[in-house]
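Structure first, then comments.
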Amino acid sequence: MNVFRISGDLSHLLAILILLMKMWKTKSCAGISGKSQLLFALVFTTRYLDLFTIYISVYNTVMKIVFLCCAYITVYLIYGRFRKTYDSENDTFRLEFLLVPVIGLSFLENYEFTPLEILWTFSIYLESVAILPQLFMISKTGEAESITTHYLFFLGLYRMLYLANWIWRYHTEKFYDQIAVVSGVVQTIFYFDFFYLYITKVLRGKKLSLPMPV
């Protein structure tokens, strides 16, 4: 554990709580990609199956349970309680374009050919692209609510802090997880354009808007 890992976890948790609070307060899930949230729920489910087999620490166990619960609650709010406000017409990213290559890569590139290890690897690869349906939805509608942009900012910050965590661990422990690092870099790259717009527009009180696709 180090400050980057803990800060990353807290940033991740804050992003999810911002999203949940936004939906609960407005009684709406407008502007939120249900498909991205389904993918994140799948990420946590496949990654934290070791909850039943491996004990690391109280912190680790509690955070796993919290993330799982938050992911399932988010999906329930979007497809259950607030489904009438869900913008399915603009949430049209084809999930098979992500799931098929991720599943294939998980079988080809992993550390050990066992069910739990393949599922863990699948979760790492899937997390790196799970935000794409949300970004696609924003590009399709041309704009995003400020709360949604705050969610995306802290989600991106979480990934950057985790990259710093891997660098720190390599420097102090000589520990290097190639799958996690490469996937984390890929995921962070997807946020670069968004970070620029967030800093230049949202933090200055302007609404984030994007050019509409032709």
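Just so you know, these numbers come straight off a predicted model, no measurement behind them.
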### Message
Please enumerate all residues that pass side chain to side chain donor-acceptor pair (under 3.5 Å) together with Gln37, with sequence neighbours excluded.
### Response
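By the side chain to side chain donor-acceptor pair (under 3.5 Å) rule, Gln37 matches Tyr151.
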### Message
The criterion is side chain to side chain donor-acceptor pair (under 3.5 Å); which residues satisfy it with Arg169, sequence neighbours excluded?
### Response
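Once residues adjacent in sequence are excluded, the partners of Arg169 under the side chain to side chain donor-acceptor pair (under 3.5 Å) criterion are Glu173.
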Do you know which two heavy atoms are closest between [X] and [Y], and how far apart they sit?
X: Lys64; Y: Leu51; value: CD-CD1, 3.7 Å
X: Ser33; Y: Asp91; value: OG-OD1, 2.8 Å
X: Thr85; Y: Lys27; value: CG2-O, 3.9 Å
X: Pro133; Y: Ala130; value: CD-O, 3.2 Å

### Message
So, using side-chain contact (heavy atoms from CB on, under 4.5 Å) as the criterion, who are the partners of Val3 when residues are at least two apart?
### Response
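Applying side-chain contact (heavy atoms from CB on, under 4.5 Å) to Val3 gives Ser7.
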### Query
Listed by chain and number, what are the side-chain contact (heavy atoms from CB on, under 4.5 Å) partners of Ile54, not counting sequence neighbours?
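side-chain contact (heavy atoms from CB on, under 4.5 Å) list for Ile54, sorted by chain: Asp50, Ile56.
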Heavy-atom neighbours of [X] [atom1] exceed 12 at 6.0 Å:
X: Phe107; atom1: CZ; value: no
X: Phe175; atom1: CZ; value: yes
X: Met63; atom1: CE; value: yes

Are [Y] and [X] linked, directly or through intermediate hydrophobic residues, by side-chain heavy-atom contacts shorter than 4.5 Å (ILVMFWY only)?
X: Leu17; Y: Val66; answer: yes
X: Leu38; Y: Tyr72; answer: yes
X: Ile167; Y: Ile124; answer: no
X: Leu108; Y: Ile118; answer: no

Side-chain donor or acceptor of [X] paired with backbone N/O of [Y] under 3.5 Å:
X: Arg83; Y: Gly80; result: yes
X: Gln134; Y: Leu152; result: no
X: Tyr79; Y: Phe82; result: no
X: Ser139; Y: Phe136; result: yes

Between [atom1] of [X] and [atom2] of [Y], what distance do you get to the nearest 0.5 Å?
X: Leu39; Y: Phe93; atom1: CG; atom2: CZ; answer: 9.0 Å
X: Leu68; Y: Thr45; atom1: CG; atom2: OG1; answer: 6.0 Å
X: Asp87; Y: Cys29; atom1: CG; atom2: SG; answer: 8.5 Å
X: Ile6; Y: Ser11; atom1: CD1; atom2: OG; answer: 13.5 Å

Partner residues of [X] under the ring pair (Phe, Tyr, Trp, His ring centres under 6.0 Å) criterion, sequence neighbours left out:
X: Phe153; value: Phe195, Tyr198
X: Tyr76; value: none
X: Phe44; value: His12, Tyr48, Phe67

Connecting only ILVMFWY residues whose side-chain heavy atoms lie within less than 4.5 Å of each other, what is the rest of [X]'s hydrophobic cluster?
X: Phe97; value: none
X: Leu119; value: Leu49, Leu116
X: Met21; value: none

#### Entry: Intermediate values then yes/no, side chain to side chain donor-acceptor pair (under 3.5 Å), Tyr59 and Asp9
CA-CA 11 Å; Tyr59 173 84; Asp9 286 342; 2.6 Å; yes
### Query
Between Leu126 and Leu99, is a side-chain contact (heavy atoms from CB on, under 4.5 Å) present by the stated rule, with each step listed?
CA-CA 7 Å; Leu126 183 60; Leu99 290 173; 4.0 Å; yes
### Task
Could you walk me through whether Asn165 and Leu161 pass the side-chain contact (heavy atoms from CB on, under 4.5 Å) test, one step at a time?
CA-CA 6 Å; Asn165 162 64; Leu161 287 167; over 6 Å; no
### Task
Could you walk me through whether Leu13 and Phe154 pass side-chain contact (heavy atoms from CB on, under 4.5 Å), step by step?
CA-CA 9 Å; Leu13 182 58; Phe154 283 104; over 6 Å; no
Taking C-beta and beyond as the side chain, do [X] and [Y] meet within less than 4.5 Å on heavy atoms?
X: Ser36; Y: Leu132; answer: no
X: Leu155; Y: Phe40; answer: yes
X: Tyr162; Y: Leu157; answer: no
X: Met137; Y: Lys35; answer: no
X: Cys70; Y: Leu20; answer: yes
X: Met23; Y: Ile32; answer: yes
X: Ile73; Y: Leu77; answer: yes

### Message
Check whether Trp24 forms a cation-pi arrangement with Lys22 (NZ or CZ under 6.0 Å from the six-membered ring centre, at most 45° off the ring normal).
### Response
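Pair Lys22/Trp24 does not count as cation-pi.
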Enumerate donor-acceptor pairs with a distance under 3.5 Å from any side-chain N or O in residues 178-186 to protein atoms, sequence neighbours excluded.
unit_1	atom_1	unit_2	atom_2	d
Ser183	OG	Ile179	O	2.8

### Task
Would you list the pairs meeting side chain to side chain donor-acceptor pair (under 3.5 Å) in which at least one residue belongs to residues 99-121, sequence neighbours left out?
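Every side chain to side chain donor-acceptor pair (under 3.5 Å) pair that includes a residue of residues 99-121, provided the two are not neighbours, is Tyr111-Asp177.
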### Query
Is it true that the side chains of Tyr55 and Asn60 contain a donor and an acceptor less than 3.5 Å apart?
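No, no side-chain donor-acceptor pair sits under 3.5 Å.
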